[in-house]
Amino acid sequence: MNKKGHVLNAALLSIGLGYVLEPSGDVPTFVAIAELSVPLVLGALFPDVDTAFGKHRKTLHNLPVLGIFVAFPILFDNLHFVWVGILTHYVLDLFGSRRGLAFFYPYEKEYSLPFGVTTSSKWADLATVLITIGEVALFAAAHYFVVPLDGGLDAVTMLFGF
């Protein structure tokens, strides 16, 4: 997926997750959307920094990088939800393209799915929207049935037991 697709994904995720976390549809909902928008867009764009150095879809498109950003809110109480942008970047690249990702870099094998759309396809934007709807549904299910996403460190403690 290209930068436009990743920003579209992050913007739609901000709206969707804003309603998941604050479903009232009034001022708290719009505050949640605003609070989520910057970290999600930053996270959605961060993996493509590897186009300027390293190997694209390898250097910053892997599980250790995601792990670092998942750990930041736990260890330092900052960068909340940036990891969501990074995770959804990976999902969009995996489902919304035909090229794979090197999840275990520096092991360079790329893993891919047998389907997807090219970034230049007329279906790329539709694929982005459909993938985003699926992501919002999964985050809503996690929020309501597994662990509240707005619980901060308490949610992490409940989920991981530390």
Side-chain angles (χ1 to χ4, degrees), residues 1-49 57 60-97 100-105 111-113 115-117 123-162:
M1 212 37 67
N2 58 22
K3 287 175 185 62
K4 174 188 162 203
H6 289 300
V7 171
L8 174 62
N9 176 254
L12 294 175
L13 271 173
S14 299
I15 295 167
L17 293 181
Y19 275 94
V20 167
L21 298 176
E22 289 291 341
S24 63
D26 54 10
V27 173
T29 303
F30 297 109
V31 169
I33 292 168
E35 289 175 347
L36 290 166
S37 63
V38 171
L40 286 175
V41 170
L42 289 174
L45 292 175
F46 178 76
D48 283 340
V49 170
R57 296 250 178 131
L60 297 176
H61 287 72
N62 57 66
L63 297 178
V65 168
L66 178 61
I68 290 167
F69 282 92
V70 168
F72 253 84
I74 298 167
L75 298 173
F76 304 111
D77 197 27
N78 66 7
L79 297 181
H80 299 278
F81 290 97
V82 172
W83 69 271
V84 174
I86 292 171
L87 176 62
T88 59
H89 181 111
Y90 295 175
V91 169
L92 203 59
D93 278 358
L94 191 61
F95 285 92
S97 72
L101 299 175
F103 287 118
F104 304 103
Y105 188 78
Y111 296 89
S112 62
L113 298 173
F115 54 85
V117 296
W123 303 105
D125 288 343
L126 178 60
T128 299
V129 170
L130 293 175
I131 290 166
T132 305
I133 290 169
E135 291 168 342
V136 170
L138 287 173
F139 279 109
H143 175 68
Y144 291 116
F145 301 113
V146 180
V147 62
L149 297 176
D150 55 353
L153 294 178
D154 293 334
V156 173
T157 302
M158 266 182 15
L159 187 61
F160 296 109
F162 55 81

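For the numbers below, each heavy atom of this structure counts, side chains included, while hydrogens, waters and symmetry mates do not. In this text the structure is predicted, and so the values were computed from the model without any measurement.
Taken from OG1 in T29 to CD1 in I15, the straight-line distance is 12.0 Å, to the nearest 0.5 Å. Note: F81 CZ to S37 OG = 12.0 Å, rounded to the nearest 0.5 Å. A distance of 7.5 Å separates CZ of F95 from CD1 of I131, quoted to the nearest 0.5 Å. With rounding to the nearest 0.5 Å, the separation of CZ in R57 from CG in D93 is 3.5 Å.
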Walk me through it: do N9 and T128 pass the test side chain to side chain donor-acceptor pair (under 3.5 Å)?
-> CA-CA 6 Å; N9 176 254; T128 299; over 6 Å; no
Worked check of side-chain contact (heavy atoms from CB on, under 4.5 Å) between W83 and L79 = CA-CA 8 Å; W83 69 271; L79 297 181; over 6 Å; no
Step by step, work out the side-chain contact (heavy atoms from CB on, under 4.5 Å) result for L126 and V117.
-> CA-CA 10 Å; L126 178 60; V117 296; over 6 Å; no
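Contact of the V20 side chain with the F139 side chain is not registered, since no non-hydrogen atoms from C-beta on lie closer than 4.5 Å. D125 is listed as a side-chain neighbour of K4, based on a closest heavy-atom distance under 4.5 Å. Taking 4.5 Å as the limit, some side-chain heavy atom of L17 sits within range of a side-chain heavy atom of V84. Contact annotation: the side chain of L12 approaches that of L8 to within less than 4.5 Å [non-hydrogen atoms, C-beta and beyond]. Taking 4.5 Å as the limit, some side-chain heavy atom of L63 sits within range of a side-chain heavy atom of F104. At a threshold of 4.5 Å between non-hydrogen side-chain atoms, the residues L94 and F103 count as touching. By the 4.5 Å heavy-atom criterion applied to side chains, L36 and L13 are not counted as neighbours. In this structure, the side chains of F46 and V82 stay at 4.5 Å or more apart for every pair of heavy atoms.
No donor-acceptor pair closer than 3.5 Å links the side chain of S14 to the backbone N or O of I33. A donor-acceptor pair under 3.5 Å links the side-chain atoms of Y90 to the main chain of N62, judged by distance alone.
In terms of heavy atoms, A10 sits closest to A44 at CB-CB, 3.9 Å. Across every non-hydrogen atom of L92 and E135, the tightest pair is N-OE2, 4.4 Å. Nearest heavy atoms, P47 versus H61: O-CE1, 3.1 Å. Of all non-hydrogen atoms in H80 and P39, the two that sit nearest each other are O-CB, 3.4 Å.
By the neighbour-count criterion of 12 heavy atoms within 6.0 Å, atom OH of Y111 is densely surrounded, having more than that number from other residues, nucleotides or ligands.
A parallel orientation is assigned to the rings of H6 and H89, their planes being inclined by less than 30° (bins at 30° and 60°).
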